[in-house]
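Structure first, commentary second.
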Amino acid sequence: MIDNSSATEIFGQPLSSRPATGLWWGLLGVAAFSFTVPFTRVAVAGLSPLFIGSGRAVVAAVLAACALALTRQRAPRGSQWARVAVVAGGVVAGFPLLTSFALTSVPASHGAVVIALLPAATATMAVLRGHERPPVIFWVITGVGAVAAIVFASAQSGGIGQLHLADLLLFGAVVCAAIGYAEGGKLARELGAWQTVSWALVLASPLMVCLAALSIAGQPPAGTPAQWAAFAYLGIVSMFLGFFAWYHGLAIGPMAQVSQIQLVQPVLSICWAGIILGENLSWTTIIGGAAVILCAGLAVRSRPGSPRAKASTSMDATAGAPASATETATATPTATATAAATAKTGP
């Protein structure tokens, strides 16, 4: 895994003649990420949310530093560090901390539905970051998805217009992650996919170590084996190893199809909430989740340059054509890298 090593010379060209291989790797990454919300809910039952949000980043940062050192990756230069800081603020600090505090008072299924808005939010941030001019339908669908998420959160909180602090934290987490993913998608073209995530973890590590120490000093962690196992999963898999499977799937391709698997993640998270945590999955949760996921998928596909948009505007576009670097970044809400960068970071 050497920086600038590439198994392809053409962006989007699959690394394997068997597209199903890339899909399976992508599904493995999504499956790994789908346990994040339920396991966070498990961990916060006995551990401080501040410790969980910061401690998991510290664990992942140690692994990231080892991976960067062993593969001798080039460090970011000049203004790249500022962009890495944006990624770190969004996906290393903002999202984990805000979701950890939010899930102390709302069910995991509730959190999964609100977070399902993330693909559309990421596409929106990418549009703004790239100064694009999407069609009106993009903004309409994105707005409908946001309204659906707000209505769901309000209904679960006791009535329309009544949002609890946890809901605001979840929406804040979505915004943080969307900003981090959009910036990370552009930066990954220069640094590489998993490298961008790893440098963000390393850069944020001093702050996260301080927050973890502060949490331990105020409330020494004392959880059950199950809660510690959930915490370990969040640090090792959710914030680090899961990205390798996801990026490997994108590298094998076809990227357009693999990237769309991410929309399955909230569905899996809601299922795990019912199976693992025994949460009651009401019709409100099922309908709300379906509405938000549908809007997110349509928003991603309606964005200029998406596979669906290209097929409708180009006479020679073929079904299943690989997505470009920017397209894949906006279609993968929990990934922080673009398809172009992924193609440069083979197995």
Side-chain angles (χ1 to χ4, degrees), residues 1 21-43 52-53 55-68 71 87-88 90-96 99-100 103 108 111-112 115-116 118-119 122 173 176-177 180-181 184-185 188 192-202 204 208 229-252 255 258-273 276 328-329 331-339 341-342 345-347:
M1 295 181 289
T21 303
L23 293 175
W24 281 112
W25 276 105
L27 184 59
L28 178 61
V30 167
F33 296 139
S34 70
F35 287 98
T36 300
V37 171
F39 282 175
T40 299
R41 178 66 175 168
V42 171
I52 295 170
R56 62 190 267 191
V58 173
V59 172
V62 172
L63 298 176
C66 292
L68 291 170
T71 56
V87 178
V91 302
V92 178
F95 185 84
T99 53
S100 294
L103 289 170
I115 294 172
L118 187 51
T122 303
C176 286
Y181 293 156
W194 68 267
Q195 293 92 329
T196 298
V197 179
S198 296
W199 284 117
L201 286 165
V202 170
M208 305 312 279
F231 171 79
Y233 184 94
L234 295 174
I236 298 173
V237 179
S238 294
M239 293 201 72
F240 191 67
L241 293 182
F243 285 104
F244 280 81
W246 177 245
Y247 291 143
H248 186 52
L250 285 174
I252 294 174
M255 295 176 188
V258 175
S259 66
Q260 295 302 310
I261 298 176
Q262 189 70 55
L263 296 171
V264 178
Q265 181 178 328
V267 178
L268 293 176
S269 295
I270 293 172
C271 291
W272 303 144
I276 299 175
T328 302
T332 55
T334 58
T336 60
T338 62
T342 308
T345 54

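Any value given below was found using the heavy atoms of this structure, including those in side chains, with hydrogens, waters and symmetry copies removed.
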- Whether F35 and Y233 hold their rings parallel, tilted or perpendicular, with breakpoints at 30° and 60°: perpendicular
For the student: nearest non-hydrogen atoms of [X] and [Y], plus distance:
{"X": "A43", "Y": "F231", "result": "CB-N, 4.4 Å"}
{"X": "W272", "Y": "P38", "result": "CB-CG, 3.8 Å"}
{"X": "L268", "Y": "A31", "result": "CD1-CA, 4.3 Å"}
{"X": "L201", "Y": "A64", "result": "CD1-CB, 3.9 Å"}
{"X": "P96", "Y": "G53", "result": "CB-O, 3.8 Å"}
{"X": "P266", "Y": "A112", "result": "CB-O, 4.0 Å"}

Rounded to the nearest 0.5 Å, what separation is found between the [atom1] atom of [X] and the [atom2] atom of [Y]?
{"X": "F240", "Y": "W194", "atom1": "CZ", "atom2": "CH2", "answer": "6.5 Å"}
{"X": "S269", "Y": "F39", "atom1": "OG", "atom2": "CZ", "answer": "10.5 Å"}
{"X": "I270", "Y": "S34", "atom1": "CD1", "atom2": "OG", "answer": "11.0 Å"}
{"X": "L63", "Y": "L241", "atom1": "CG", "atom2": "CG", "answer": "6.5 Å"}
{"X": "S198", "Y": "L68", "atom1": "OG", "atom2": "CG", "answer": "4.5 Å"}

- Item | Side-chain heavy-atom pair W199, V87 within 4.5 angstrom cut-off | no
- Would you say the side chain of T40 lies within less than 4.5 Å of the side chain of R56, judging by non-hydrogen atoms? yes
- T99, L234, I115, V237 screened by side chain to side chain contact (heavy atoms under 4.5 Å, CB included) with T36, the one that passes: L234
